[in-house]
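Reckoned from all heavy atoms, side chains included, excluding hydrogens, waters and symmetry mates. Residue numbers start from 1 in every chain, and the chains themselves are labelled A, B, ... in the order their sequence lines are given, proteins ahead of strands.
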Protein chains: 2
Amino acid sequence: MMNKSFRDYLRSKGLKSTHQREVVVDLFLRLDTHCSVEDLYHAAQRKDKRIGYSTVYRTLKLLVEAGLAEERRFSGEVTRFELVHRGKHHDHLICIKCGRIIEFTNDRIEKLQEKVAKKHNFKISDHKYEIYGYCSRCKK
Amino acid sequence: MMNKSFRDYLRSKGLKSTHQREVVVDLFLRLDTHCSVEDLYHAAQRKDKRIGYSTVYRTLKLLVEAGLAEERRFSGEVTRFELVHRGKHHDHLICIKCGRIIEFTNDRIEKLQEKVAKKHNFKISDHKYEIYGYCSRCKK
DNA sequence: TTGAAAATGAAATTCAGTTTCAATTAGTTT
DNA sequence: AAACTAATTGAAACTGAATTTCATTTTCAA
Ligand SMILES: [Mn+2]
Ligand SMILES: [Mn+2]
Ligand SMILES: [Zn+2]
Ligand SMILES: [Zn+2]
């Protein structure tokens, strides 16, 4: 099972491995998209009627704390969460018509960003590059 | 007075030029920072006790519609608004300690962004580049 | 001056997200 | 295996920013 590192995180913090957490984390790993709490909640409900909304929220927060998930708040959208893929940073193109999310990385941009920071004597700890527009399908 | 274009916008839409709108727009132009609705509301209150919260909200929305202001939602912060300076786009460095906001532009990044979009067959309509970290004063 | 349409402010409402709390559960200790 | 204790749970209450409602007021053109 892939969620071993989550169990490790729980142990290290003296927290408990519960049925609900197992279900939520398992689904989160399987979905593998930018999913909202509601998405996950409904998926979890299909597995087990007794899983509550707050538990889904709390579990996602734990995943973020564990460094296994990241929170994304795109313009005008509800908060979404995504799995951290082998610790690699990436940014997003977001279609304002269909909502499609395309990921990209660009080393040259990241290099230029360093320059910008240096120029302003600024120490970067994180960044967010979101490009909004129309995806290939919605262009015309 | 600089808010002539706002009055023009109102006329063109069949809307009315009111005392409240004059006060709010006037203050917004003078403040010239990334100000929250609350900032503006309090400033307006000092000028005229009868100006309400909703009117400030509504006026800022109108300014955005008129293309004279832009809405900014930095991570973990309340919504802020800023004056559009001669139609020029810019991005931001945000200090996560003191909240300072530094503006930057970088043509080379914007060019590379075009390339990224082309590669994904994506038509850009807008973008948002936010760099979080520590400003020169908060670095140590 | 008048009249119709727009604007106002206070209060109510919305909505995502968080907190509360009594009851339940996990995991360790006897 | 039972007892113990701290963490967890779900439902409901709450929060805070933003929006809407609506009776009253204001604008502005005729
Ligand atoms: Mn992503
Ligand atoms: Mn700015
Ligand atoms: Zn699309
Ligand atoms: Zn600072």
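Two residues, B:L10 and B:Y41, neighbour DNA chain C, and the one matched to the more 5' nucleotide by heavy-atom proximity is B:L10.
Listed by chain and number, the hydrophobic cluster partners of A:V78 come to none, as no ILVMFWY side chain reaches under 4.5 Å of it.
Atom CD of A:E22 is separated from atom P of D:dT8 by 13 Å (rounded to the nearest Å). Spacing between atom CD of B:Q45 and atom C1' of C:dT8 amounts to 14 Å, rounded to whole angstrom units. Protein atom NZ of A:K49 is 16 Å distant from nucleotide atom C1' of D:dA11, rounded to whole Å. If you take CD of B:E71 and C1' of D:dA18, they are 10 Å apart, rounded to a whole angstrom. The distance from atom CG of B:L62 to atom C1' of C:dT8 is 13 Å, rounded to the nearest whole Å.
Dashed line: the shortest gap from a side-chain N or O of A:R21 to OP1 or OP2 of D:dT9 is under 4.0 Å.
Two residues are said to be in side-chain contact when any heavy atoms from C-beta on lie closer than 4.5 Å; B:K128 and B:D126 fail this criterion.
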Quick one, give me the B/S/- string for nucleotides 16-21 of chain C, reading 5' to 3', where B means a protein heavy atom under 4.0 Å from the base and S means that only happens at the primed atoms, P, OP1 or OP2.
SBBBB-
What does the B/S/- profile of nucleotides 23-30 of chain D look like, 5' to 3', with a 4.0 Å heavy-atom cutoff to protein?
----BSS-
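Note on residues 71-85 of chain A: pairs passing salt bridge (charged side-chain N to carboxylate O under 4.0 Å, His left out), not counting sequence neighbours, are A:D39-A:R80, A:E70-A:R72, A:E71-A:R73, A:R72-A:E82, A:E77-A:R80. Here salt bridge (charged side-chain N to carboxylate O under 4.0 Å, His left out) pairs that include residues 47-58 of chain A, with residues two or more places apart or in two chains, are A:D48-A:R50.
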Donor-acceptor contacts, no H, no angles, side chain residues 129-136 of chain B, under 3.5 Å, sequence neighbours left out:
unit_1	atom_1	unit_2	atom_2	d
B:Y129	OH	A:Q113	OE1	2.7
B:E130	OE1	B:Y132	OH	2.5
B:Y132	OH	B:S75	N	2.9
B:S136	OG	B:R100	NH2	2.9

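The side-chain contact (heavy atoms from CB on, under 4.5 Å) test applied to A:D107 returns no partner, not counting sequence neighbours. Take A:Y41 and apply the ring pair (Phe, Tyr, Trp, His ring centres under 6.0 Å) test, not counting sequence neighbours, and it matches A:Y53. A:R11 meets the salt bridge (Lys or Arg N to Asp or Glu O under 4.0 Å) test with no other residue; sequence neighbours excluded.
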